[in-house]
Amino acid sequence: MLRNYFKIAWRNLIKDKMFTILNVTGLSVAFGIAILLAMAGFFDLSYDKFHTNADHLYKVYSVQQTSKGPEASVSQPAPLLEALKAEVPGIEKASRYLQQEAIVSFNEKEINMDAVWVDADFFDMFTFPSLKGKINNPLEKQSSIVITESTAKKLFGDEKAIDKTVQILINGKDHPFNISAVVANNLPQSTLEFELAIPFEKEADYQNNKDTWDSSYHDVYIQLANGVSPKQFEKATRALVDLNLQEQIANAKRDGAQTNADGRYYKFDILPVTDVKFTKFKNGYAEVSRSTPYLVLGIAFLILFIACVNFINMSIAKSGQRLKEIGMRKTLGAKRKQLFLQFWSESFFVFCISVLLGLMLSILLIDSFKTIFRTAVSFDLLISPTIILSFLSTVLLITVLVGGYPAILLSKLGTIQSLKGKLDHSGKNKVRDGLIVIQFGIAILLISGTLVLREQLDFMRNKDLGFNKEQVLSFPLYGKKDSHQALQLLRNELASNPDILEITGADNNLGLGKDGSLSKSIYGFEYKERVIYTNSLTVDYDYVETLDLKIVKGRNFKRGYANDSLSVVINEAMVKELGEKDPLTAYVTVSDSIRYPVIGVVKDYNFEKLDKSIQPITMFLNNNEGLYYAYVKVAPTNMAKSYDVIKQAWKKIAPNATFLGSFLDENINRTFRKEEKIAKMITAGSIIAIVLSCIGLFAISLLLITQRTKEIGVRKIIGASITNITFLLTKDFLKLVGVSFLIATPIAWWFMKEWLQNYPFKIDLSIWSFLAAGILTTIIALLTLGVKTLKVATQNPVKSIKTE
Amino acid sequence: MIKITDLEKYYKTEELQTIALNKLSFEVKKGEFVAIMGPSGCGKSTLLNILGMLDDSDGGSFIFNGEEVIHYNERKRANIRKHNIGFVFQSFNLIDQLTVFENVELPLIYIGVKKAERKKKVYEVLEKMQIMHRRKHFPQQLSGGQQQRVAVARAVVNNPKLILADEPTGNLDSSNGNEVMDLLTELNKQGTTIIMVTHSEHDAKFSHRIIRMLDGQKVIENSLI
């Protein structure tokens, strides 16, 4: 019997090849794309879940009440760890965590590496399986370090790594460390990334900071015992807050800060480690949002939904052609169940073929998908019984629901009704129309989303940031030389080159450089009996000139002015913060008592990503502080050549350091990766959504037009023109697209408005983006309908009325 | 009103060419009621399609109301058709999705008659055809005779000068058939020219003149008046 079902199913499928091709193509593409998107979405959601103790691991953050409201921070002071361990019950393990570059030498090799400075508990808390060397507590000795497999390869090639000694540059001096363990490479879904791990106590500033509560510069992770809640943790930390943070609390009171709901000025809280990747701090609250992976999964779902709608609509539309068959089968004694199985087996057949083709498509596309959407997802990560089982159940569920609905409708038909070949379309047309409205609604939603997203991205890319991003190149000053000295050597090296216009340095980069490093340094000081926070930036001479910043008052640091290294240049936002009529009378207090006068004010410029408003910034000219980045302004001509010249010069100065130079406009564009990824996903999603919707529309119009051929002939005979006929055949569909537009636009508007809230610098939402999406969809739908419609409208009516 | 001279029509397939109309000539005067008879495949329907400007001829001349229309394009022919010609078919060819009223109203929409006037004209003609009470019904809800009356109503609603009827009683029983023939006769009396293709000698007797065809040619013409 089953064989018979499949045999007949196969015959029916090959009987109408066009229809089968449209159906299978739509479903296969949808399955293929949905598989890729779902993989990417689930991959993102799996961040940091691989740690065996993931459910008990937390990151500590603090919330300080200030006169401007609560402010949260994950940076903690060095003594916090011991205080937490001593006073908070339920902390089983804890580790500080500081990510910094380290120059590692072994024999002739000198490599700049991503290092983390952590406590001994780190490797017991987190799952970074040891492959060689000590399995437990590999950082027990302070002279030990842990490296990853690929680091071992970089340093020692195929030689054994365990017990080898390497030198690490700390405070300008090489220190020997012994390799105690080699761990597996970091998984792509880990937010904790490192090439080597070094005991925290060995960190350059540790000795100065180990008892200091007012210098926060590293993260803290803890492992809590079962049953300890974040609230209990917060309560347990209150005593240590009161004991150690008296000054901060007193300042907050004096500055008029409001207490939090518990009547406190300062609190410690914790964040599950699996939420870290998705957390943004807003007004002192940790906002956990998994919107990006959910958006990706949402698009996957919508694409599958559209393809399933096509399948249902096409099956129902086609049912009209099989009424006589149904009637005849019923007359001959077929039961409803048998008819259901007959039709369902056809759907099952189509679904099986489509899933297989979709799977093949996703395997074919995975590499391009990974490149285009910058995801580290791979099939290997997903080969687990749970995932395979859920995939199979999803496919089965879709097959049962989507294939089952038309099968139920057809098997329910009465015998006489079927034999007469008449189908009461009214009810089913409503379902069909509703589904088409949803399909096109989705397409319009995604298209308008794409348009707005791209508009905002263009706006951000082209916005005048207040500095020269086109002509300035920056690169990290890696290497063992003192950075000020290295910068001077660079100046000497390039002095005679007319294409090199200015050279300077700073301890921070603008945008995201090729080193992938982003950092900020916040400095707080007392100013006229209140605390003022400012971004702090150590710069070299010519910073303002190199970046073409505008001095609005006073002057920039100048050579020959002996006191300039004890002065500051600030931006306009900082002027507001200081609240002085004449900013040149203001000062910044350093080390409790020394006042650094403001000698100049620069016009506000976007030194952070455009999702942040311009904050106060203070520039210091301090020869004792390291500069981490060089900035070189080049002439607008020969920029590529200048890049090479700088690269060669740097090679002479630091032969062992890699040159990671890039122009600031490239750096800025790199900061939009997340937006670009979303834009690409939505663009791809909307293209696929509209193509799939049109495949469905095309197939349905094909069937409906065939059903109406005679009517078209009659209308032409009694006077309808080609325009009348075309209008007649397309108006119903266009009406549906119109309804989709009316429903989708407010939803799209709301979503885009919410999304734009993330950006202080944003476009104004205009109705045109939404109208454009509607018009584009209408045109595409019209073109889809047009092909067949025009053919029928111009057909000889005598032929049409003979169609019975 | 109509004058055809040496009208030709061929149907070509890859292998052979069939002559449907072979240099056919005749004339129909205004106000005449002409029946065209002949065995199946003699070219009756082809002739009617050409006279109705639904199909092209392959040669000859076709003068309609003093105008040579043989080389007119689709648009011009459609224009003449919708203002001058009404059609009645054997299988009624009503549109199932439209009510009786809407079916009859359709030709008026296509010639741009305003809504109020359309309603007036449709009511008049429905009244005349005695199917006013059925105006809100769909074609499937009517008997064959009623459906053909609706079809006739639709054919005459815009006062065409010519009605082309292709076996108008072919799908009807004798009593309904007679009713339809009476209707056509009445219309003819009011001045409408009628050309009717039929197999029925009985129906043909309602006409003024019978043109008998064979193999695409006129073989005999009998005047009944």
Side-chain angles (χ1 to χ4, degrees), chain A residues 317 320 323 414 416-430 432-433 701 703-733 735 789-804, chain B residues 9 11 20 45-56 73-98 102-113 138-140 150-158 160 163-164 166 171:
Chain A
L323 292 176
I416 303 293
Q417 189 193 5
S418 319
L419 271 178
K420 275 186 179 165
K422 297 274 180 204
L423 192 57
D424 174 19
H425 269 299
S426 53
K428 275 157 226 112
N429 282 355
K430 271 184 200 152
R432 182 199 74 196
D433 291 352
S701 69
L703 282 173
L704 289 189
I705 286 171
T706 315
Q707 282 167 16
R708 293 179 79 172
T709 308
K710 190 184 144 195
E711 177 195 339
I712 293 160
V714 173
R715 282 180 186 264
K716 279 192 83 173
I717 288 169
I718 56 176
S721 63
I722 294 174
T723 324
N724 291 141
I725 298 292
T726 313
F727 180 68
L728 172 83
L729 293 176
T730 48
K731 75 164 190 247
D732 289 343
F733 290 114
K735 249 190 233 165
T789 307
L790 271 180
K791 200 175 159 200
V792 176
T794 50
Q795 191 176 307
N796 185 339
V798 178
K799 275 187 198 153
S800 308
I801 56 167
K802 280 183 184 156
T803 318
E804 249 310 52
Chain B
K9 178 76 184 174
Y11 290 111
S45 293
T46 306
L47 172 66
L48 209 64
N49 288 338
I50 294 174
L51 294 180
M53 292 179 226
L54 297 171
D55 209 350
D56 292 321
N73 63 16
E74 163 71 22
R75 184 192 286 259
K76 274 190 175 172
R77 287 190 306 195
N79 203 33
I80 297 179
R81 186 168 69 223
K82 66 183 176 189
H83 286 101
N84 297 289
I85 308 173
F87 292 86
V88 180
F89 301 94
Q90 177 180 1
S91 54
F92 325 133
N93 281 336
L94 296 173
I95 296 171
D96 292 344
Q97 295 86 337
L98 305 182
E102 288 162 345
N103 263 293
V104 178
E105 185 191 23
L106 214 51
L108 299 175
I109 294 179
Y110 290 136
I111 56 170
V113 177
F138 287 94
Q140 307 94 299
V150 177
V152 174
R154 184 180 66 185
V156 301
V157 71
N158 58 345
I163 286 181
L164 298 174
D166 192 354
N171 278 7

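Just so we're on the same page: letters track the sequence lines, and every chain starts at 1. Scope of the values below: all heavy atoms of this structure, side chains included, with no hydrogens, waters or symmetry mates.
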Heavy-atom contact with chain A under 4.5 Å, split by part of Ile95(B) | side chain

Look up atom NZ in Lys710(A) and atom CG in Leu94(B), then write down how far apart they are to the nearest 0.5 Å.
-> 8.0 Å

Kindly check if the number of other-residue, nucleotide or ligand heavy atoms within 6.0 Å of NZ (Lys76(B)) is above 12?
-> no

Asn171(B): what forms a side-chain hydrogen bond (donor to acceptor under 3.5 Å, both in side chains) with it, not counting sequence neighbours?
-> Gln90(B)

Chain A contact via Leu98(B) - which portion, at a heavy-atom distance below 4.5 Å | side chain

With a 4.5 Å heavy-atom cut-off (strictly below), which parts of residues 713-724 of chain A touch chain B? List them by number.
-> Val714(A), Arg715(A), Lys716(A), Ile717(A), Ile718(A), Gly719(A), Ala720(A), Asn724(A)

Cut-off 4.5 Å, heavy atoms of chain A, and the answer for Arg75(B) is neither

For chain A, which of Lys82(B), Glu74(B), Met53(B) has the most heavy-atom pairs under 4.5 Å?
-> Lys82(B)

